[in-house]
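Remarks on the structure that follows.
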Amino acid sequence: MDEARRPDDDRFRLLVQGVLDYGIFMLDTEGRISSWNAGAQRIKGYAAEEIIGKHFSVFYPAEDVAAGKPARELEVAVEQGRLEDEGWRLRKDGTRFWANVVITALYDDQGRLQGFGKVTRDVTDAPHGRAGVAGERRAVRAAGADRAGLRHLHAGHRRADFELERGGAQRIKGYAAEEIIGKHFSVFYPAEDVAAGKPAWELEVAVEQGRLEDEGWRLRKDGTRFWANVVITALYDDQGRLQGFGKVTRDVTERRTAELALRESEERFRLLVQTVQDYGIFMLDTEGRISSWNAGAQRIKGYAAEEIIGKHFSVFYPAEDVAAGKPAWELEVAVEQGRLEDEGWRLRKDGTRFWANVVITALYDDQGRLQGFGKVTRDMTERRNAEQALRERRRLVGHLVEAQEVERRRIAWDVHDESIQSMVAVGMRLQLLASRLPEPQASAVGGLDESVQAAIARLRGLVSRLRPPELDRHGLVDAVSAYVDDAAGRWGLAHSVRDDLTAEPSPEAAITVYRICQEALSNVHKHARATRVAVTLSTVDSGTLVRITDDGVGTAGEDAGAGHFGMVEMHERAEAAHGWLSVSSAPGEGTTVEFWLPMLPDATGLEP
């Protein structure tokens, strides 16, 4: 690598490692994780030493892994250059978060696939939450500390190499004294260096300048090569006559290997930052002037690097924000708090506006001196429009579900208060009439009464399905248990309900849980050909987690639940309640429906 590029590489590394709001890391060509930044650790919970070398499928729910989603995403990234996806991902502790993921295929100058750049954002709670400021600043400083530690390691090698010990030359080069004394020192040089006259040239330089220092390949006795740091010093007597040369050789192969690994890592960071097109990732100096520019920034904002580097980043802000001093204020907050996140309108080169999510991170060197700012910009216009449409859709679905429940409750009350009560009265009169009539008329009237009682039982079952009385009287677990006992019992299924709840959900959440359980058990009856079903309710992440498993025929992972309205309705209900629902299945191994709802209707804050 050209030494002139090293400062830029350091800045790229500092930028990537310092960003906390985006998990920015590398995968090798097989999908194994090969780099890890502070943002990835904050979002996913793994430290670098825990996760590097593992396959990135560890972040995917079981149903996605079974469906082959991780491998498919890499295939798409190779075919199309990039892939963007949103879906559930897993943290180290097993909890789920909703992630926006961009995977970019990375190629070298010869067009060979080097691996993948992966940028992950936790978008579970929009607008995005804030991490602890002190922890963020420590993570930013820690990124620089990694590099400082590497330099310290290199310095340690240098000090160790200077320790002259008896037999040091023999240890490094393999010759005993009696084998090598008297031979020309060119024996240590590769053939190409000897042919080029390098040994003689080095002695000439040492005579002219007093000393020469060089690094390059040298040979051991067994012919193997090692990377050597060599100092040749011209030695003179008191009369200034050349007496010979002193030669100190250090084997710095390990140091060179570490330096090459560092440079290669820095080059990968450069490749990652420069190649990603979905995020504008660039640097500002301490005054806010743009000092680097990646392909994503050019795509989003319209400026080529030569047009924008050196200009102040306020050029991206609408006139009203510039007049209000917003750009300067954002840098001040980033310095005070370590980072700043903002969403708002920004300007492209052609003057059009786009809705941007912006994270500005203050970047410090190893001595804690401010070096500038890392700025990550994402064009969120389409996402903002989609979120507004989704909120409207969920609002409509919520109104529909609410109206449906109100109508079911009204019908249940009408049936209970009018039809059932009237039929109970008819039954009582028939019983009275039968007691007064002789046979066979009494038996005929008794048969009518049995028909009335059967109709009353069916109407009570209808009322229970419309609005289960146990839900209002005794709570969610009793209501679900009563329904499972009734339905599974009628269908001849062995069944169980396990209660691990530590908190009762809100009435709105409870009826949604009940309705999804109804539909899930109906699917088991219609499609699974199962003999057993089990329902577990537990309190997880300030919400209610429900797992429904059967021992039926199952189906292929990606086809589980596809093709019938009931599954669509279950997903709609869970999402309208700001929760999630997943289905995992395998042929012959049964099916598991798992869903989670927040404890309160507005727990996720998605609704305005």
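No side-chain heavy atom of T377 sits under 4.5 Å from any side-chain heavy atom of N357. Side-chain contact check for V359 versus L340: every heavy-atom pair is 4.5 Å or farther apart. With contacts defined as side-chain heavy-atom distances shorter than 4.5 Å, the pair I290/L284 qualifies.
With rounding to the nearest 0.5 Å, the separation of OG in S291 from NZ in K375 is 12.5 Å. Once rounded to the nearest 0.5 Å, the distance linking CZ of R121 with CE of M380 reads 7.0 Å.
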Side chain to side chain contact (heavy atoms under 4.5 Å, CB included) evaluation trace for I180 with V187:
CA-CA 9 Å; I180 197 65; V187 71; 3.9 Å; yes
Applying side chain to side chain contact (heavy atoms under 4.5 Å, CB included) to L113 and V78, what does each step give before you reach the verdict?
CA-CA 8 Å; L113 182 67; V78 169; 4.1 Å; yes
If you apply the rule side chain to side chain contact (heavy atoms under 4.5 Å, CB included), what do you find for T104 with Y279, and how did you get there?
CA-CA 11 Å; T104 304; Y279 295 84; over 6 Å; no
Could you walk me through whether L219 and T224 pass side chain to side chain contact (heavy atoms under 4.5 Å, CB included), step by step?
CA-CA 6 Å; L219 300 179; T224 58; over 6 Å; no
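Considering every non-hydrogen atom in both Q170 and Y175, the closest pair reads CG-O, 3.1 Å. Nearest heavy atom pair, residue V123 against residue A99, reads CG2-C, 4.1 Å. Between G31 and L74, the closest heavy-atom pair is CA-CD1, 3.8 Å. Nearest heavy atom pair, residue D64 against residue P70, reads O-CD, 3.7 Å. Residues G45 and E50 share a closest heavy-atom pair of O-OE1, 4.1 Å. Residue R225 comes nearest to P190 through the heavy atom pair NH2-CB, 3.7 Å, listed as atom of the first residue, atom of the second, then distance.
In the displayed structure, E192 atom CD is contacted under 6.0 Å by more than 12 heavy atoms of other residues, nucleotides or ligands.
A donor-acceptor pair under 3.5 Å is formed between the side chain of T381 and the backbone N or O of W355. T286 places no side-chain N or O within 3.5 Å of a backbone atom of Q371 that could act as its donor or acceptor partner. Side chain of T257 to main chain of T253: a donor-acceptor pair is present (N/O by atom type, distance under 3.5 Å, no hydrogens or angles). Not a single donor-acceptor pair under 3.5 Å links the side chain of T124 to the backbone N or O of F97. In terms of modelled atom types and a separation under 3.5 Å, the side chain of H312 and the main chain of E287 share a donor-acceptor contact.
Within the cation-pi definition used here (under 6.0 Å to the ring centroid, within 45° of the axis), K173 qualifies as a partner of F188.
Ion pairing between a basic and an acidic side chain is recognised when a charged N comes within 4.0 Å of a carboxylate O; R220 and D251 show such pairing.
Here salt bridge (charged side-chain N to carboxylate O under 4.0 Å, His left out) pairs that include residues 76-88, with residues two or more places apart or in two chains, are K69-D85, R82-E84, R82-D278, E84-R378, D85-R89, E86-R383.
If you run ring-ring contact (aromatic ring centres under 6.0 Å, His included) between F282 and each of F373, F313, W293, only W293 comes through.
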